[in-house]
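Heads up, the thing below is written out as structure tokens.
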Amino acid sequence: QLQLVESGGGLVQPGGSLRLSCSASGFTLGSYSIGWFRQAPGKAREGISCISTTDSIRNYAVSVKGRFTISRDNAKNTVYLRMNSLRPEDTAVYYCAAPPRNVGCPGAEERYDYWGQGTPVTVSS
């Protein structure tokens with residue numbers, strides 16, 4: 001069973017920072033691009049970032065560009081999402097996902113085959 005597991009979510013004040021992790025089991029993470037998505041209560045899931053296998057691609061949604069940084073450590077089978085200058089509108093459940101191996105970063109979430117269960121992030125005073 002291929003599996004992705006997110007961690008690092010929690011409660012943070014506006015302007016604060018948080019680092020999320022996406023860890024893989026059942027396959028070698030270095031063979032897969034990894035995307036980050038989020039879903040706020042009552043809203044559709046949206047893609048916010050993606051990193052390719054060789055780090056030649058690092059994409060960000062306009063809403064997070066300049067505040068969030070995606071990175072990977074293939075030796076640890078982990079992808080990270082560093083979130084700075086957090087705002088209340090960043091409150092959501094955050095998911096990582098992988099498309100088929102050795103492909104780039106698809107724009108459509110339907111192209112991602114493997115999904116974690118999500119980690120909640122709440123930005124509030």
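All values below come from the heavy atoms of this structure, side chains included, with hydrogens, waters and symmetry mates left out.
Take Asp55 and apply the side-chain contact (heavy atoms from CB on, under 4.5 Å) test, not counting sequence neighbours, and it matches Ile51, Arg58. Evaluation of the side chain to side chain donor-acceptor pair (under 3.5 Å) rule for Ser85 yields no partner, not counting sequence neighbours. When the ring-ring contact (aromatic ring centres under 6.0 Å, His included) test is applied to Tyr80, no partner is found at least two apart in sequence or on another chain. Listed by chain and residue number, nothing satisfies the side chain to side chain donor-acceptor pair (under 3.5 Å) test with Arg19 (two or more places apart in sequence, or in another chain). Partners of Arg45 according to the salt bridge (charged side-chain N to carboxylate O under 4.0 Å, His left out) rule, which considers only residues two or more places apart in sequence or in another chain, are Glu109. With sequence neighbours excluded, the residues that form a side-chain contact (heavy atoms from CB on, under 4.5 Å) with Val121 are Leu18, Leu20, Met83, Tyr94, Val123. Residues forming a salt bridge (charged side-chain N to carboxylate O under 4.0 Å, His left out) with Arg101 (at least two apart in sequence, or on another chain): none. Annotation: side chain to side chain donor-acceptor pair (under 3.5 Å) contacts of Asp90 (sequence neighbours excluded): Arg38, Arg67.
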Name each donor-acceptor pair under 3.5 Å that joins a side chain in residues 68-75 to protein atoms two or more places apart or in another chain, with its distance.
residue, atom, partner, partner atom, Å
Arg72, NE, Asn74, OD1, 2.8
Arg72, NH1, Tyr32, O, 3.2
Arg72, NH1, Ser52, O, 2.7
Arg72, NH2, Leu29, O, 2.8
Arg72, NH2, Tyr32, O, 2.8
Arg72, NH2, Asn74, OD1, 3.3
Asp73, OD1, Ala75, N, 3.3
Asp73, OD1, Lys76, N, 3.4

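Apart from Leu11 itself, the hydrophobic cluster it occupies contains nothing, where clustering links Ile, Leu, Val, Met, Phe, Trp and Tyr at side-chain heavy-atom distances under 4.5 Å. Using a 4.5 Å cut-off between side-chain heavy atoms of Ile, Leu, Val, Met, Phe, Trp and Tyr, Val62 forms no hydrophobic cluster with any other residue.
For residues 110-125, no pair satisfies side-chain hydrogen bond (donor to acceptor under 3.5 Å, both in side chains), with sequence neighbours left out.
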